[in-house]
Number of protein chains: 2
Amino acid sequence: MAEGMEREGIAPRKRPVTLRDVAEEAGVSLATASKALNDQGRMTAETRARIQETARRLGFRPNGLAQSLLRQRSFTVGMLTNDTYGRFSLPLMAGISEALVDNGVSVFLCNVEDDPRLGQLHVDAMLEKRVDGIIATGKRLDRRLPIDLSQLGVPVIYAFTEPDADAIAFVSDDEGGARLAVEHLVRLGRRRIVHVTGPARFAVVHQRAAAYRAVLAEAGLAEAPVMMGDWTESWGREAVDILFSQAADGPDAIFCGNDQIARGVIDGLRERGIDVPGSVAVVGFDNWEIVAAEARPPLTTVDMNLAALGREAGLTLLSLVDGKPVEPGIRKLPCRLVVRQSCGRPPGDQ
Amino acid sequence: MAEGMEREGIAPRKRPVTLRDVAEEAGVSLATASKALNDQGRMTAETRARIQETARRLGFRPNGLAQSLLRQRSFTVGMLTNDTYGRFSLPLMAGISEALVDNGVSVFLCNVEDDPRLGQLHVDAMLEKRVDGIIATGKRLDRRLPIDLSQLGVPVIYAFTEPDADAIAFVSDDEGGARLAVEHLVRLGRRRIVHVTGPARFAVVHQRAAAYRAVLAEAGLAEAPVMMGDWTESWGREAVDILFSQAADGPDAIFCGNDQIARGVIDGLRERGIDVPGSVAVVGFDNWEIVAAEARPPLTTVDMNLAALGREAGLTLLSLVDGKPVEPGIRKLPCRLVVRQSCGRPPGDQ
DNA sequence: ATGAAAGCGCTAACAA
DNA sequence: TTGTTAGCGCTTTCAT
């Protein structure tokens with residue numbers, strides 16, 4: 001039989017090439033072939049090379065299912081989310097995936113909406129597939145996913161969602177983020193800073209408001225009542241109407257609870273002929289590119305660093321899977337201020 | 001030994017419960033236990049019930065890896081995308097997942113950006129994990145993913161991305177979608193309809209423009225030169241400036257290439273004091289909720305039905321996996337017009 | 001009606 | 001240095 005050149009480049013068709021095929025073709029035993037391809041055991045470099053070459057030629061691809069069965073490790077994790085629009089889950093996913101892909105770990109993405117049945121379905125599927133771990137993510141820090149993940153028998157990490165007791169969780173530091181925003185305004189010399197934000201039933205609304213008040217107090221500035229409404233542009237515009245309808249002097253800065261409100265605020269101000277940032281500076285929250293970057297002027301806003309958060313979650317899950325101990329608790333990851341143009345030129349201190 | 005009540009509710013801890021555990025506990029053989037739990041073979045109803053009850057009590061969960069190894073089927077598919085923002089990939093994913101989850105199939109989501117190395121990494125991982133198939137998706141119908149999927153040895157379906165030759169693909173019917181939009185305007189009595197769209201290097205720009213021209217011709221209306229620019233709000237506003245800066249009579253309807261342009265157009269018109277939809281009707285494309293619903297007035301726009309497209313792709317992949325033959329070729333799935341308020345009340349014909 | 005045995009494709013201990 | 005063997009957890013003939 002000629003040295004197999006005729007096999008070159010043939011894609012495995014019907015039956016995939018197995019390690020046994022490689023071993024036979026190379027004239028060695030299964031075990032030897034295995035060791036050769038895993039750079040384990042001892043053998044002549046020549047043998048190893050020959051086996052590897054044979055594997056390459058045959059288009060051999062190890063069967064991960066068999067490997068996983070044996071190693072008790074599937075190199076697979078599940079990510080649960082209820083964030084249908086992906087505003088939060090996609091950056092998280094990007095970070096998670098980035099942390100895992102280089103370790104050969106793939107991610108099952110499962111949208112459970114807010115449906116317990118769907119959640120159970122996905123979790124069952126994951127568990128049967130023997131995922132090495134699960135990352136639970138969401139769209140709200142103060143709401144749980146519609147499934148109980150506390151007794152699963154696999155490591156679970158919570159990222160950007162309300163965790164169970166004694167769980168390991170990563171969340172954004174909303175107080176810190178709000179501080180960043182308000183301190184920025186203070187540093188720019190703004191003195192009458194108001195806060196227009198979302199509905200009171202969101203925990204973050206109170207956390208951010210508390211930080212807002214704290215920073216004003218520290219700066220010796222008067223605080224205005226926090227204005228709560230919807231997370232929408234129209235609420236932002238409405239808030240501007242309220243703020244500027246009285247003859248009294250309006251604010252010179254508005255810290256908004258999210259980018260959509262901020263966008264509404266900016267539009268409302270422009271339509272009243274009020275210059276941004278000249279007369280009023282505006283800061284948003286979320287750094288939702290599509291909203292923030294297209295505002296007029298482009299929005300200075302707080303970024304929750306969700307990709308980094310996802311990366312941390314992924315790496316931590318990996319540690320857990322490797323059996324390393326991880327202290328339970330909630331870790332708050334810092335936000336970051338993205339300076340665009342809605343507050344004017346940043347002071348020279350940066 | 002007492003009848004095991006003390007085991008009730010104990011979550012499997014260290015070593016997961018195996019079928020062997022169930023068999024021993026129930027006092028039967030492995031084979032019998034397997035059959036009992038799969039509703040196969042023949043045995044007394046009593047035996048079957050007892051085994052099932054035992055499994056339940058022990059919290060037995062079949063090891064999908066072992067099953068997959070044997071059945072040569074992993075109940076797992078991979079979804080490839082290069083759509084980082086998820087504008088297209090998330091609706092697709094939702095549809096795909098919906099079609100698959102009830103069949104116990106989970107989805108690996110893999111963002112390959114436009115990086116061939118990353119793409120190869122993900123595809124290799126999928127193949128090693130023995131995915132039953134792959135769905136390739138993207139953000140442009142006229143660009144390929146940065147990896148060759150033609151010789152993988154597993155079924156591949158293309159959804160909303162440029163397919164390889166002889167592949168099975170699902171795409172949106174952009175001509176049809178554009179027809180829907182322009183015919184809507186015609187039906188509402190608009191006569192001077194212009195088209196403001198994206199860059200010429202996008203194939204869809206030409207497809208939609210062709211449909212725009214065709215509909216105008218059929219209606220005996222004059223077509224205006226198609227205005228190509230960026231896919232941005234600012235281009236929409238600029239287009240309005242161009243259209244209305246001359247004293248000549250401007251259009252009474254504007255068909256926009258996407259929702260962002262449409263939003264810019266609406267803003268531009270409002271800022272010029274031109275009533276929408278009174279004086280000018282506006283239609284968008286994409287039905288990107290966050291942009292379309294928050295426009296003033298809310299935007300009538302074309303929805304590409306991406307979730308349905310994903311569902312089709314998922315179901316078709318399933319057929320393929322089951323060995324059913326599927327005709328290769330590109331299937332165009334119809335779009336749908338979502339009527340909001342930017343064109344005025346729809347005529348009584350609906 | 002039930003069970004023993006042979007694998008699915010691979011790895012790792014132990015022999016040779 | 002290489003090969004033999006015993007599984008990983010499960011399904012499936014084929015006996016009994």
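Residue numbers start from 1 in every chain, and the chains themselves are labelled A, B, ... in the order their sequence lines are given, proteins ahead of strands. Fair warning: this is a prediction, and the values are worked out from it, not measured in the lab.
Atom CZ of A:R20 is separated from atom C1' of C:dC8 by 11 Å (rounded to the nearest Å). Rounded to whole Å, the distance from CG on B:D21 to C1' on D:dG9 is 10 Å. Across the protein-nucleic acid pair, B:L37 atom CG and D:dC10 atom C1' stand 11 Å apart, rounded to whole Å. Regarding B:E128, its CD atom lies at a distance of 13 Å from the C1' atom of C:dG9, rounded to whole Å. Summarising the geometry, the separation between CZ on B:R15 and P on D:dG9 is reported as 7 Å, rounded to the nearest angstrom. Atom CG of B:L19 is separated from atom P of C:dC8 by 19 Å (rounded to the nearest Å).
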- [ ] Check step by step if salt bridge (charged side-chain N to carboxylate O under 4.0 Å, His left out) holds for B:D124 and B:K129.
- [x] CA-CA 8 Å; B:D124 285 344; B:K129 281 164 186 136; over 6 Å; no
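End-to-end axis angle for the helix from C:dA1-D:dT16 to C:dA16-D:dT1, using five pairs per end and rounding to 10°, comes out at 50°.
For B:Q67 and B:N63, the side-chain atoms include no donor-acceptor pair closer than 3.5 Å. Side-chain contact of A:S29 with A:T32: a donor-acceptor pair under 3.5 Å is present, judged by distance alone.
Taking CE from A:M93 and OG1 from B:T84, the interatomic distance works out to 11.5 Å, rounded to the nearest 0.5 Å. For the atom pair B:D164 CG and B:Q151 CD, the distance stands at 9.5 Å (nearest 0.5 Å).
The shortest distance between the side-chain N/O atoms of A:Q40 and the OP1/OP2 oxygens of C:dT11 is not below 4.0 Å. Taking side-chain N and O atoms only, A:S34 has a distance below 4.0 Å to OP1 or OP2 of C:dT11. Here B:N38 reaches the OP1 or OP2 of D:dT11: one of its side-chain N or O atoms lies under 4.0 Å away.
Using a 4.0 Å cutoff on non-hydrogen atoms, the parts of residues 64-74 of chain B near DNA chain D are B:A66, B:Q67, B:L70, B:R71, ordered by number.
Put simply, the residue from B:T76, B:I134, B:V77 that forms a side chain to side chain contact (heavy atoms under 4.5 Å, CB included) with B:F108 is B:T76.
Salt-bridge formation is detected for the pair B:D102/A:R117: a Lys NZ or Arg NE/NH1/NH2 atom is positioned less than 4.0 Å from an Asp or Glu carboxylate oxygen. Look at A:R143 and A:D114 and you find no salt bridge, because none of the NZ, NE, NH1 or NH2 atoms lies under 4.0 Å from a carboxylate O. By the 4.0 Å N-to-carboxylate-O rule, B:D83 lies too far from B:R140 to be salt-bridged with it.
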Protein-nucleic acid N or O pairs under 3.5 Å, nucleotides 1-5 of chain D:
residue : atom : partner : partner atom : Å
D:dT1   : OP2  : A:R42   : NE           : 3.4
D:dT2   : OP1  : A:T47   : OG1          : 3.1
D:dT2   : OP2  : A:T44   : N            : 3.3
D:dT2   : OP2  : A:T47   : OG1          : 3.2
D:dG3   : OP2  : A:S29   : N            : 2.9
D:dG3   : OP2  : A:S29   : OG           : 3.4
D:dG3   : OP2  : A:T32   : OG1          : 2.9
D:dG3   : O6   : A:K35   : NZ           : 2.7

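Between A:F170 and A:F160, the ring center distance fails the sub-6.0 Å criterion.
Annotation: cation-pi pair A:R56/A:F60 absent, no NZ/CZ under 6.0 Å from the ring centroid and within 45° of its normal.
Heavy atoms of A:T18 sit under 4.0 angstrom from primed sugar atoms or phosphate atoms, though from no base atom.
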